[in-house]
Asker: 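Sharing a structure with you now.
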Amino acid sequence: MQPSVWAFQTFALCSTLSGSNTQTGYATMLDLKFMQQYPEQVQEALDKRKTGLQMSDFLRLDQQRKEIIGEVEDLRRRRNQASDKVAELKKQGADAQNQITELSLVSQKIKDLDGNKRSIEEQLQDFRLSIPNIPHPDVPLGDTDEDNREIKHWGEQPNFSFTPKAHWELGPELKGLDFERGAKITGSRFTLYWGWAAKLERALLNFMLDIQTRDHHYLEVLPPFIVNQDSMQGTGQLPKFKEDLFKIEDWNYYLIPTAEVPVTNIHRDEILREENLPLAYTAFTPCFRSEAGSYGKDTKGLIRQHQFNKVELVRFSHPDNSYQELELLLSHAETILQLLGLPYRVVTLCTGDLGFSAAKTYDIEVWLPGQQAYREISSCSNFEDFQARRANIRFQAAESRHKEFVHTLNGSGLAVGRTLVALMENCQEADGSILLPEILSPYMDGRERIS
RNA sequence: GGAGAGGUGGCCGAGUGGCUAAAGGCGGUAGUCUUGAAAACUACUGAGGGUUAACGCCCUCCGGGGGUUCGAAUCCCUCCCUCUCCGCCA
């Protein structure tokens with residue numbers, strides 16, 4: 001039977017074949033043997049995701065690597081044997097000088113070959129780190145967000161007897177959002193919140209954390225907002241997407257673009273217990289994104305900021321049920337919008353819109369009357385074992401006695417700034433005030449109307 | 001910032017140049033015993049890679065990198081991390 005692209009996943013689950021190699025530092029994203037065995041399938045996947053990578057390059061390098069390994073191991077074996085002999089001769093008190101001089105030459109040769117080997121392995125590693133995840137078969141083919149597939153709607157778009165305003169009008173009018181001073185303090189895409197708006201942001205993130213911990217049983221964590229290079233590589237931001245990140249000058253540290261990075265990396269290089277799966281963590285963090293390449297997009301308002309707050313949901317799942325877990329995660333994010341009464345739709349991202357590390361992603365898009373458009377407010381993804389391989393996150397499988405990679409998932413639950421925008425625009429009244437949903441009242445000291 | 005101590009397999013912990021993939025223990029798996037379970041006893045139990053039809057054979061890995069040496073877990077340099085004491089500080 002011809003293996004399909006889908007075989008990547010199942011193949012990767014074979015416990016005897018899986019396993020990344022932390023000792024040599026070769027975090028992997030696709031199983032090496034699969035790449036060697038089914039290069040056509042890999043090439044097909046690479047083409048589908050428009051990477052421009054050629055498997056022929058990989059195979060050539062891999063061949064070189066094997067040749068050099070054969071050579072170097074042969075020398076090593078000879079050296080080891082001769083070394084044993086030296087030890088023996090010395091023990092007998094015999095002279096071993098001849099062997100010793102000869103061996104020093106062999107050692108030098110080994111050193112040279114090792115250098116070549118390393119350079120080839122680095123190239124192979126670069127290649128492999130540039131390969132995006134393989135889309136799940138459910139993922140629609142497509143090039144742009146136009147090709148995303150809408151799978152559901154919830155709620156009704158509000159009918160206004162007046163022309164609804166955008167939040168970038170309402171915010172300043174109600175003295176909550178100060179775009180000018182944000183720009184003065186830092187620059188464009190930074191906003192100062194005053195009074196009710198600052199409080200509403202805090203109310204929302206507390207509300208979200210409470211729902212996710214209390215009703216959906218996530219464990220709340222508060223991770224570092226700055227991470228190292230290994231963490232960025234573990235979740236797939238590096239090495240390919242450096243330009244999207246803020247880097248700390250003179251340090252190998254980065255500001256996190258999402259809580260996914262520190263939270264997923266909690267268990268990097270760890271072996272989890274099967275009976276503890278799934279693990280479910282939620283975290284509030286600010287997120288920092290350079291938004292390189294989005295010049296001119298969403299320049300007004302809070303939609304696209306260099307710094308924004310988010311409550312994130314992260315799950316470490318058993319490979320057998322990660323797609324059920326994805327549905328669950330999606331429902332947990334949806335709950336927040338439902339409780340707030342905000343209309344939304346859910347789309348499945350097409351192959352062209354899918355993120356680098358994801359196998360399948362649902363975007364939740366909230367209705368924004370000010371723009372007469374649905375805008376992304378949460379993105380829920382199953383990464384399968386892609387991140388787990390890179391970050392070396394495994395579990396001890398009781399049955400097989402072998403270690404397998406977990407599946408990682410995450411999703412926003414939700415982006416706080418955009419939720420605030422959605423509330424302002426959907427809950428605005430004819431007099432220019434905003435009537436907040438009752439459920440937030442305890443978080444707002446009972447205040448329901450912003451005017 | 002100054003002074004010390006340490007990083008070894010799933011976990012704990014021996015190991016100061018060749019006899020060490022690494023004692024011992026815990027955990028795990030299988031078996032003996034038992035009506036069953038526990039206890040006890042016995043055996044097995046790291047990973048990656050190369051080669052092979054397969055059995056197997058071989059190479060590498062003791063925080064990362066570099067060096068000394070015929071040969072390094074063990075000696076030297078360097079970086080990272082953890083811990084203790086002093087100073088400073090939210």
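Residue numbering restarts at 1 for every chain, and letters A, B, ... go by the order of the sequence lines. All of these numbers come straight from a predicted model, not from anything done at the bench.
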Asker: Any strand counts, and the cut-off is 3.5 Å on both contacts for Watson-Crick or G-U wobble. Which nucleotide pairs with B/rU32?
Answerer: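 Answer to the pairing question: B/rA40, which forms a Watson-Crick or G-U pair with B/rU32.
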
Asker: Roughly how many Å apart are B/rA38 and B/rU32, using the P atom of each and rounding to a whole number?
Answerer: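 Between the two P atoms, the distance is 14 Å.
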
Asker: Between A/R273 and B/rG27, is there a contact of a side-chain N or O with OP1 or OP2 at under 4.0 Å?
Answerer: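 Answer no for this pair, as no side-chain N or O of A/R273 is under 4.0 Å from OP1 or OP2.
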
Asker: With sequence neighbours excluded, what pairs up with A/D57 under the salt bridge (Lys or Arg N to Asp or Glu O under 4.0 Å) test?
Answerer: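 A/D57 satisfies salt bridge (Lys or Arg N to Asp or Glu O under 4.0 Å) with A/R60 once adjacent residues are dropped.
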
Asker: Choose from B/rC59, B/rG10, B/rG50 the nucleotide whose nearest atom is closest to any side-chain atom of A/I271.
Answerer: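 Looking only at heavy atoms from C-beta outward on A/I271, the closest nucleotide is B/rG10.
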
Asker: Closest approach to the side chain of A/S104, judged atom by atom: which nucleotide of B/rU60, B/rC70, B/rU51 is it?
Answerer: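 In terms of side-chain proximity for A/S104, the closest of B/rU60, B/rC70, B/rU51 is B/rC70.
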
Asker: Go through the side-chain N and O atoms of A/E201 and A/N309 and say whether any donor and acceptor fall under 3.5 Å apart.
Answerer: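 Yes.
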
Asker: For B/rC55, give the paired nucleotide (Watson-Crick: N1-N3 plus N6-O4 or O6-N4; G-U: N1-O2 and O6-N3; both under 3.5 Å), or none.
Answerer: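 Partner of B/rC55: none.
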
Asker: Does B/rG6 pair with anything, Watson-Crick or G-U wobble, both distances under 3.5 Å, and if so, with which nucleotide?
Answerer: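 The answer is B/rC81, by the H-bond criterion.
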
Asker: Should the pair A/F395 and A/H318 be assigned to parallel (<30°), tilted (30 to 60°) or perpendicular (>60°) ring geometry?
Answerer: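 It falls in the tilted class, 30° to 60°.
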
Asker: Taking B/rG4 as the reference, what is the distance to B/rG15 when you measure between their C1' atoms (whole Å, please)?
Answerer: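 B/rG15 and B/rG4 have their C1' atoms separated by 23 Å.
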
Asker: Less than 4.0 angstrom between a side-chain N/O of A/S107 and OP1 or OP2 of B/rG71, yes or no?
Answerer: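 Yes, such a contact exists.
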
Asker: Any non-hydrogen side-chain atom of A/I131 less than 4.5 Å from a side-chain atom of A/M35?
Answerer: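 Yes; the side chains approach each other to less than 4.5 Å.
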
Asker: Taking CG from A/N392 and P from B/rG9, how many angstroms apart are they, rounded to a whole number?
Answerer: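 Distance check: A/N392 CG to B/rG9 P gives 14 Å.
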
Asker: For atom C1', what is the distance between B/rG18 and B/rA73, given to the nearest Å?
Answerer: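 Taking atom C1' in both B/rG18 and B/rA73, they lie 13 Å apart.
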
Asker: Between B/rU51, B/rG18, B/rG49, which nucleotide gets closest to the side-chain atoms of A/R65?
Answerer: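 The answer is B/rG49, which lies nearest to the side chain.
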
Asker: After noting the C-alpha distance and the side-chain angles of A/S379 and A/D363, does the key distance pass the side chain to side chain donor-acceptor pair (under 3.5 Å) rule?
Answerer: CA-CA 4 Å; A/S379 199; A/D363 270 8; 2.7 Å; yes

Asker: Output yes when at least one side-chain N/O atom of A/K111 is less than 4.0 Å from OP1 or OP2 of B/rU68, else no.
Answerer: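 Yes, because at least one side-chain N or O of A/K111 sits under 4.0 Å from OP1 or OP2 of B/rU68.
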
Asker: So what's B/rC61 paired with, Watson-Crick or G-U wobble, going by both distances under 3.5 Å?
Answerer: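 Partner of B/rC61: B/rG46.
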
Asker: Would you measure the distance from the C1' atom in B/rC59 across to the matching atom in B/rC11 and give it in whole Å?
Answerer: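 That atom pair is separated by 28 Å.
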
Asker: Does a side-chain N or O from A/N80 land closer than 4.0 Å to OP1 or OP2 of B/rC58, or not?
Answerer: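 For B/rC58, neither OP1 nor OP2 has a side-chain N or O of A/N80 closer than 4.0 Å.
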
Asker: Just compare B/rG18, B/rG50, B/rC81 and give me whichever is closest to any side-chain atom of A/E73.
Answerer: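 Out of B/rG18, B/rG50, B/rC81, the nucleotide with an atom closest to A/E73's side chain is B/rG50.
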
Asker: Quick check: on RNA chain B, is the nucleotide nearest A/T101 upstream (toward 5') of the one nearest A/K66, or the reverse? Name the residue that is more 5'.
Answerer: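 It is A/K66 whose nearest nucleotide is closer to the 5' end.
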
Asker: For A/Q64 and B/rG50, what is the distance between atoms CD and C1' respectively, to the nearest whole Å?
Answerer: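 After rounding, the reported distance stands at 16 Å.
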
Asker: Just the rounded figure in Å: distance from P of B/rG49 to CD of A/Q63.
Answerer: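 Whole-Å distance recorded here is 16 Å.
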
Asker: Closest to the A/R79 side chain: B/rG49, B/rC70, B/rC59?
Answerer: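 The closest nucleotide is B/rC70.
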
Asker: Between A/E88 (CD) and B/rC19 (P), how many Å, whole number?
Answerer: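 That distance rounds to 13 Å.
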
Asker: Of A/E220, A/H267, A/R315, A/Q212, which meets side-chain hydrogen bond (donor to acceptor under 3.5 Å, both in side chains) against A/Y281?
Answerer: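 The residue from A/E220, A/H267, A/R315, A/Q212 that satisfies side-chain hydrogen bond (donor to acceptor under 3.5 Å, both in side chains) with A/Y281 turns out to be A/H267.
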
Asker: For residues 440-451 of chain A, please give each side-chain donor-acceptor pair under 3.5 Å, one per line with the distance, not counting sequence neighbours.
Answerer:
residue	atom	partner	partner atom	Å
A/Y443	OH	A/D210	OD2	2.6
A/D445	OD2	A/K199	NZ	2.7
A/R447	NE	A/R449	O	3.2
A/R449	NH1	A/E429	OE1	3.3
A/R449	NH1	A/S433	OG	2.8

Asker: Using whole Å, what does the distance between atom C1' of nucleotide B/rU69 and atom CD of A/Q108 come to?
Answerer: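 Distance, rounded to whole Å: 13 Å.
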
Asker: Nearest to the A/R77 side chain among B/rC58, B/rG18, B/rG50, which nucleotide is it?
Answerer: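 For A/R77, the side-chain atoms sit closest to B/rC58.
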
Asker: When the P atoms of B/rG25 and B/rC41 are compared, how many Å lie between them, rounded to an integer?
Answerer: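 That atom pair is separated by 10 Å.
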
Asker: Taking the P atom of each, how far is B/rG67 from B/rC85, in whole Å?
Answerer: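 Those two atoms are separated by 38 Å.
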
Asker: Can you tell me how far C1' in B/rC76 sits from the matching atom in B/rG2, rounded to whole Å?
Answerer: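 So the two C1' atoms sit 25 Å from each other.
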
Asker: Taking atom C1' in both B/rG46 and B/rA22, compute the distance separating them and give it to the nearest angstrom.
Answerer: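 Nearest-Å result for B/rG46 against B/rA22 at atom C1': 11 Å.
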
Asker: Applying the Watson-Crick and G-U wobble criteria at under 3.5 Å, what pairs with B/rC19? Answer none if nothing qualifies.
Answerer: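 Partner of B/rC19: none.
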
Asker: Send over the distance from A/E274 CD to B/rG28 P, rounded to a whole Å.
Answerer: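 Distance check: A/E274 CD to B/rG28 P gives 14 Å.
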
Asker: Taking atom C1' of B/rG49 as reference, at what distance in whole Å does atom CG of A/L124 sit?
Answerer: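 Atom-to-atom, A/L124 to B/rG49, this comes out as 13 Å.
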
Asker: Could you please name the partner base of B/rA90, counting Watson-Crick and G-U wobble pairs only when both distances are under 3.5 Å?
Answerer: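 For B/rA90, the partner nucleotide comes out as none, under the 3.5 Å rule.
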
Asker: Between A/Q229 (CD) and B/rG64 (P), how many Å, whole number?
Answerer: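 Spelled out: CD on A/Q229 to P on B/rG64 is 17 Å.
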
Asker: Taking only the side-chain heavy atoms of A/R118 (C-beta and beyond), determine which of B/rG66, B/rG49, B/rG18 contains the nearest atom.
Answerer: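 The answer is B/rG66, which lies nearest to the side chain.
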
